[in-house]
Amino acid sequence: MAISGLGRKLVNDGLLSRDDAERLFEECQKEGVHFVSRLISSKLITASKLADVASAEFGLPLLDLNAINIDLDTVKLVDDKLLSKHHVLPLFKRGSRIFIAVSDPTNLIGIDAIKFHVGLTVEPVVVEEDKLLQMLVKVAEDLDTSMGDLAGDESLDDLDVAAVDDDKTADDDSAIDDAPVVRYINKMLLDAIKAGVSDLHFEPYEKRYRVRFRLDGMLKEVSSPPVALAGKLSARFKVMARLDIAERRVPQDGRIKLTLSKTKSIDFRVNTCPTLFGEKIVLRILDSDSAKLGIDMLGYEPEQKQLYLDNLEKPYGMILVTGPTGSGKTVSLYTGLNILNTEDRNISTAEDPVEINLEGINQVNVNDKVGLTFAAALKAFLRQDPDVIMVGEIRDITTAEIAIKAAQTGHMVLSTLHTNDAPQTLSRLINIGVAPFNIASAVNLIIAQRLARRLCKHCKTLDDLPEKVLLKAGYSAAEIPTLKIYKAVGCDQCNEGYKGRVGIYQVMPISEQMGRLIMEERTAIDLADQARKEGIPDLRQSALKKVKDGLTSLAEANRVTLE
């Protein structure tokens with residue numbers, strides 16, 4: 001094999017054997033890595049010795065990277081992809097010349113690529129390979145974090161964003177692939193994933209721009225980029241989610257997939273909404289692994305879990321999960337689907353949109369624009385030999401009636417509704433037009449749920465509350481003497497005393513007596529009284545049990561269950 005460049009010089013000077021050089025060149029070609037990087041990692045020569053040889057051979061100055069301050073404005077002149085690809089680092093600019101650090105002066109392809117990209121005369125200087133690698137990582141981190149401080153960047157004052165017309169085409173959105181904007185958004189997404197965030201809010205206002213994360217159910221501001229970047233940020237999100245960049249007058253929905261590794265990827269559901277001062281962007285993190293946690297991780301009490309499992313095993317009927325947006329309904333449903341997802345079952349779901357992707361389940365994205373409604377999808381499912389059907393949400397009488405009929409004709413149906421508790425779910429079905437006798441014969445189980453923040457196990461401490469407060473909260477006088485209630489404190493391992501969330505549930509099977517009350521069209525209050533007689537804890541009682549068990553605080557229980 002012919003050896004060229006720096007490798008040949010090292011062989012000729014006796015600093016590297018020809019066999020080692022050929023082996024390294026062959027490995028570099030196969031793996032697509034730089035020769036100098038592989039040479040240093042093989043420990044056949046030190047980085048400082050290699051830099052001395054390269055400087056002397058090619059007549060280039062030798063520079064100690066640790067002794068200078070890198071000019072980030074100069075680094076920004078070059079696309080970060082070029083830096084990592086060609087293993088070079090811009091240092092500073094003097095007039096029409098840009099000085100770049102290289103560990104291999106024979107890397108002419110990289111040097112020419114930088115020259116073509118910036119349109120300046122390139123002056124290479126030799127640096128040590130290990131220091132170059134460290135500095136490339138440090139500069140990338142500095143560029144990411146510098147986006148949060150862009151509000152003071154005077155160069156942004158010249159951006160003419162006020163003159164942008166709502167009807168301009170996508171071509172008028174300059175720099176939607178602007179490297180700092182791309183880096184900033186990528187950093188926000190990664191930070192959100194690492195922190196366990198559920199939603200990201202990007203909000204433009206008249207004089208500021210705000211980024212908030214919803215962590216453990218609570219929104220918190222995490223960044224405030226310059227308001228001048230509002231258009232670029234929304235345009236970038238639209239490009240990522242394949243939305244119409246030119247359309248700023250109506251809301252749009254899309255999806256982003258972020259690949260973290262060969263085996264791990266995270267999906268984001270994206271929604272844009274036109275506001276007074278620009279488009280608000282909200283991203284919901286959709287993590288398929290959340291459906292694989294298992295039912296034991298969701299926070300069901302033992303008897304509640306058994307009720308859910310028993311009803312999942314029934315060959316037909318309907319299971320309804322109810323609660324507000326963000327209460328964990330989808331995870332509860334998919335946990336059940338994951339249990340049912342066996343080779344001998346045909347499972348189909350209709351959702352708007354599909355939030356969690358599970359292999360072995362036939363998932364359909366509802367699209368009203370093309371006529372693929374929940375009702376249309378359900379009709380198609382019934383012709384596809386189904387065993388289990390999941391409807392993302394029952395919104396109208398047509399969808400409800402088809403789902404009810406499916407449950408009455410030998411199919412297991414799972415769905416959601418937006419109601420406050422289990423008894424109100426039955427009243428809601430009657431209100432949208434479902435016949436009471438159909439509800440009584442089809443619905444097997446209703447699960448109402450909320451998500452409460454879980455106390456941090458490292459810093460939670462006992463809370464000394466007066467007896468009258470505990471009585472008012474709902475505890476009996478008999479249990480107060482032995483009651484231990486904890487409160488949030490806060491430490492470096494949690495978020496204001498909380499870490500993660502725990503489910504609070506009301507799991508209500510439809511008994512024979514409950515069915516009679518439904519057919520009599522009794523009120524939700526009557527149904528709640530019957531549930532109480534049958535010993536079914538409501539959401540408030542379930543929340544107090546979680547407080548008693550030390551899983552959450554009384555303040556948090558009050559936040560999610562007191563009306």
Rounded to the nearest 0.5 Å, what's the gap from [atom1] on [X] to [atom2] on [Y]? Could you check?
{"X": "L414", "Y": "M390", "atom1": "CG", "atom2": "CE", "answer": "7.5 Å"}
{"X": "S224", "Y": "R210", "atom1": "OG", "atom2": "CZ", "answer": "9.5 Å"}
{"X": "E351", "Y": "N365", "atom1": "CD", "atom2": "CG", "answer": "7.5 Å"}
{"X": "T325", "Y": "K329", "atom1": "OG1", "atom2": "NZ", "answer": "5.5 Å"}

Heavy-atom pair with the smallest gap, counting every atom of [X] and [Y]:
{"X": "V181", "Y": "L233", "value": "CG1-CD2, 3.9 Å"}
{"X": "P324", "Y": "S327", "value": "O-OG, 2.7 Å"}
{"X": "A442", "Y": "A407", "value": "CB-CB, 4.1 Å"}
{"X": "I504", "Y": "A452", "value": "CD1-CB, 3.6 Å"}
{"X": "I430", "Y": "I439", "value": "CG1-CD1, 3.5 Å"}

Would R532 and D529 satisfy salt bridge (Lys or Arg N to Asp or Glu O under 4.0 Å), going step by step from the backbone distance to the final call?
-> CA-CA 5 Å; R532 199 173 298 111; D529 288 340; 2.8 Å; yes
Kindly say whether A543 contributes a backbone atom to a donor-acceptor pair with the side chain of R450 at under 3.5 angstrom?
-> no
Does D387 reach the main-chain N or O of N346 with its side chain, forming a donor-acceptor pair under 3.5 Å?
-> yes
Taking atom CG of N431 as the centre, does the number of heavy atoms from other residues, nucleotides or ligands within less than 6.0 Å exceed 12?
-> yes
More than 12 heavy atoms of other groups within 6.0 Å of E520 CD = yes
Under the side chain to side chain contact (heavy atoms under 4.5 Å, CB included) rule, collect the residues that match up with [X], sequence neighbours excluded.
{"X": "T398", "value": "A375, D396, I402"}
{"X": "K484", "value": "L462, Y486"}
{"X": "F437", "value": "A435, M519"}

Given side chains that start at C-beta, do those of [X] and [Y] come closer than 4.5 Å, heavy atoms only?
{"X": "L445", "Y": "V507", "result": "yes"}
{"X": "L258", "Y": "I193", "result": "yes"}
{"X": "L483", "Y": "K548", "result": "yes"}

Take R453 and D216 through the salt bridge (Lys or Arg N to Asp or Glu O under 4.0 Å) test and state the conclusion after the steps.
-> CA-CA 6 Å; R453 291 181 291 173; D216 296 336; over 6 Å; no
Determine the interplanar angle of the Y300 and Y505 rings, folded into 0 to 90°, and report it as parallel if under 30°, tilted if 30 to 60°, perpendicular if over 60°.
-> parallel
Carefully, step by step, assess K187 and D191 under the rule salt bridge (Lys or Arg N to Asp or Glu O under 4.0 Å).
-> CA-CA 6 Å; K187 184 176 188 302; D191 286 352; 2.8 Å; yes
Looking only at the side chains, is there a donor atom on one of [X] and [Y] sitting less than 3.5 Å from an acceptor on the other?
{"X": "Y184", "Y": "S223", "value": "yes"}
{"X": "S553", "Y": "Y498", "value": "yes"}
{"X": "R428", "Y": "T425", "value": "no"}

Below 6.0 angstrom between ring centroids: does that apply to F277 and Y205?
-> no
Could you give me the CA-CA distance, side-chain angles and deciding distance for R501 and E556, then say whether salt bridge (Lys or Arg N to Asp or Glu O under 4.0 Å) is met?
-> CA-CA 11 Å; R501 288 192 283 180; E556 183 67 6; over 6 Å; no
Do T416 and L333 pass the side chain to side chain contact (heavy atoms under 4.5 Å, CB included) test, and can you show the C-alpha distance, the side-chain angles, and the key distance before you say yes or no?
-> CA-CA 8 Å; T416 70; L333 278 182; 3.2 Å; yes
